[in-house]
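Below: one structure, written as structure tokens.
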Amino acid sequence: MSIPRNPTEQQRNFFQEVHEVVRLVPQGRVTTYGAIAHYLGARHGARMVGWAMMAAHTANEYVPAHRVINRNGLLTGKHHFATPTAMQEALETEGVTVVEDQVQDFKTRFWDPAVELE
DNA sequence: AACGTGACTTAGT
DNA sequence: CACTAAGCCACGT
């Protein structure tokens with residue numbers, strides 16, 4: 001996949017919404033693509049959230065993309081970082097233990113915007 | 001325009 | 001518990 005060369009207005013808004021939520025994830029906590037999709041109204045699938053994350057590195061403001069993982073606590077997006085280990089290292093710097101691409105104690109690390117932001 | 005593919009998820013077998 | 005199918009939606013070929 002790739003991000004549009006010339007994003008439409010709607011696409012830019014969508015990217016911004018997703019990035020905005022991701023920026024609200026506290027240090028040392030993680031969330032999932034599905035949770036973000038649900039928080040934004042589920043008007044698009046979790047896949048679209050993942051798609052929006054590809055534009056994270058081009059965003060004007062910093063987006064902690066390493067805090068977004070799949071619903072099983074797996075670092076499915078690690079290959080989109082500068083290096084294959086960047087995502088895990090960023091998480092461990094925040095105190096999140098990762099073993100074999102799996103976030104340990106995921107259930108208590110999970111941060112659901114739909115709940116936390118009410 | 002059909003088809004494959006993907007930072008996903010849920011339901012069915 | 002694992003594996004598959006299907007829903008999802010945008011994009012490149």
Side-chain angles (χ1 to χ4, degrees):
Chain A
M1 284 302 281
S2 60
I3 59 179
R5 193 172 293 278
N6 292 18
T8 66
E9 185 70 20
Q10 281 214 335
Q11 286 169 336
R12 273 195 300 276
N13 288 340
F14 173 61
F15 291 156
Q16 190 174 351
E17 281 183 290
V18 173
H19 297 168
E20 207 172 297
V21 176
V22 176
R23 274 186 223 113
L24 296 176
V25 180
Q27 211 176 345
R29 305 291 297 280
V30 295
T31 192
T32 71
Y33 305 98
I36 294 172
H38 179 259
Y39 176 70
L40 294 181
R43 51 185 180 276
H44 44 254
R47 280 198 117 112
M48 292 304 97
V49 174
W51 179 55
M53 293 310 295
M54 289 203 262
H57 69 294
T58 65
N60 294 328
E61 288 190 43
Y62 172 66
V63 178
H66 58 277
R67 300 189 190 133
V68 185
I69 58 190
N70 83 345
R71 75 166 216 100
N72 297 310
L74 236 42
L75 310 193
T76 51
K78 62 181 286 188
H79 293 119
H80 291 264
F81 285 76
T83 71
T85 57
M87 188 173 189
Q88 174 169 346
E89 286 168 4
L91 285 170
E92 297 191 321
T93 297
E94 301 184 352
V96 179
T97 308
V98 179
V99 178
E100 304 265 320
D101 294 348
Q102 167 73 51
V103 170
Q104 303 300 292
D105 205 11
F106 171 62
K107 193 171 183 180
T108 58
R109 294 286 188 186
F110 179 59
W111 184 89
D112 186 351
V115 173
E116 308 288 342
L117 303 178
E118 282 181 274

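Both backbone and side-chain heavy atoms feed into the values below; hydrogens, waters and symmetry mates do not.
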Exercise for review: Would you name the heavy atoms of A:D101 and A:K78 that are closest together and state the gap between them?
Suggested key: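 Between these two residues, the closest heavy atoms are OD1-NZ, 3.0 Å.
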
Practice item. List the atom of A:A35, the atom of A:F110, and the distance in Å for their closest heavy-atom pair. Key: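 Looking at all heavy atoms of both residues, the shortest contact is CB-CZ, 3.9 Å.
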
Rounded interatomic separation in angstrom, taking [atom1] from [X] and [atom2] from [N]:
| X | N | atom1 | atom2 | answer |
| --- | --- | --- | --- | --- |
| A:R71 | B:dT9 | CZ | P | 7 Å |
| A:N72 | B:dA11 | CG | P | 14 Å |
| A:I69 | B:dC8 | CD1 | C1' | 13 Å |
| A:H80 | B:dT5 | NE2 | C1' | 12 Å |

Check your understanding: Apart from A:V99 itself, what residues make up its hydrophobic cluster, given side-chain heavy atom links below 4.5 Å?
Key ->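 The other cluster members (ILVMFWY side chains, heavy atoms under 4.5 Å, direct or chained): none.
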
Review point. Residues sharing A:L74's hydrophobic cluster, by side-chain heavy-atom contacts under 4.5 Å among ILVMFWY, directly or via others?
Key: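 Members other than A:L74 - counting any ILVMFWY side chain reachable under 4.5 Å - there are none.
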
Using a 4.5 Å cut-off on heavy atoms from C-beta on, say whether the side chain of [Y] contacts that of [X].
| X | Y | answer |
| --- | --- | --- |
| A:R29 | A:R67 | no |
| A:V30 | A:W111 | no |
| A:W51 | A:Y33 | no |
| A:V98 | A:Q104 | no |
| A:I69 | A:T76 | no |
| A:T31 | A:I36 | yes |

Practice item. Please work out whether the ring planes of A:H19 and A:F15 are parallel, tilted or perpendicular, with thresholds of 30° and 60°. Key: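 Answer is parallel, since the angle falls under 30°.
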
Check your understanding: Where does the chain A footprint on DNA chain C start and end, counting 5' to 3' with a 4.0 Å heavy-atom cut-off?
Key ->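 Footprint of chain A along DNA chain C, 5' to 3': C:dG7 to C:dG12.
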
Point to revise | Worked check of side-chain contact (heavy atoms from CB on, under 4.5 Å) between A:H66 and A:V96 | key: CA-CA 11 Å; A:H66 58 277; A:V96 179; over 6 Å; no

Taking only the [atom1] atom of each, what is the distance from [N] to [M] in whole angstrom?
| N | M | atom1 | answer |
| --- | --- | --- | --- |
| C:dT13 | B:dA7 | C1' | 22 Å |
| B:dG4 | C:dA6 | C1' | 16 Å |
| B:dT5 | C:dT4 | P | 16 Å |

Check your understanding: Can you list the steps and then say if A:R23 with A:E20 is a salt bridge (Lys or Arg N to Asp or Glu O under 4.0 Å)?
Key -> CA-CA 5 Å; A:R23 274 186 223 113; A:E20 207 172 297; 5.5 Å; no

Looking at [range], who's got a heavy atom less than 4.0 Å off DNA chain B?
| range | value |
| --- | --- |
| residues 81-101 of chain A | A:F81 |
| residues 45-65 of chain A | A:A46, A:R47, A:M48, A:G50, A:M53, A:M54, A:A65 |
| residues 7-39 of chain A | A:T32, A:Y33, A:G34 |

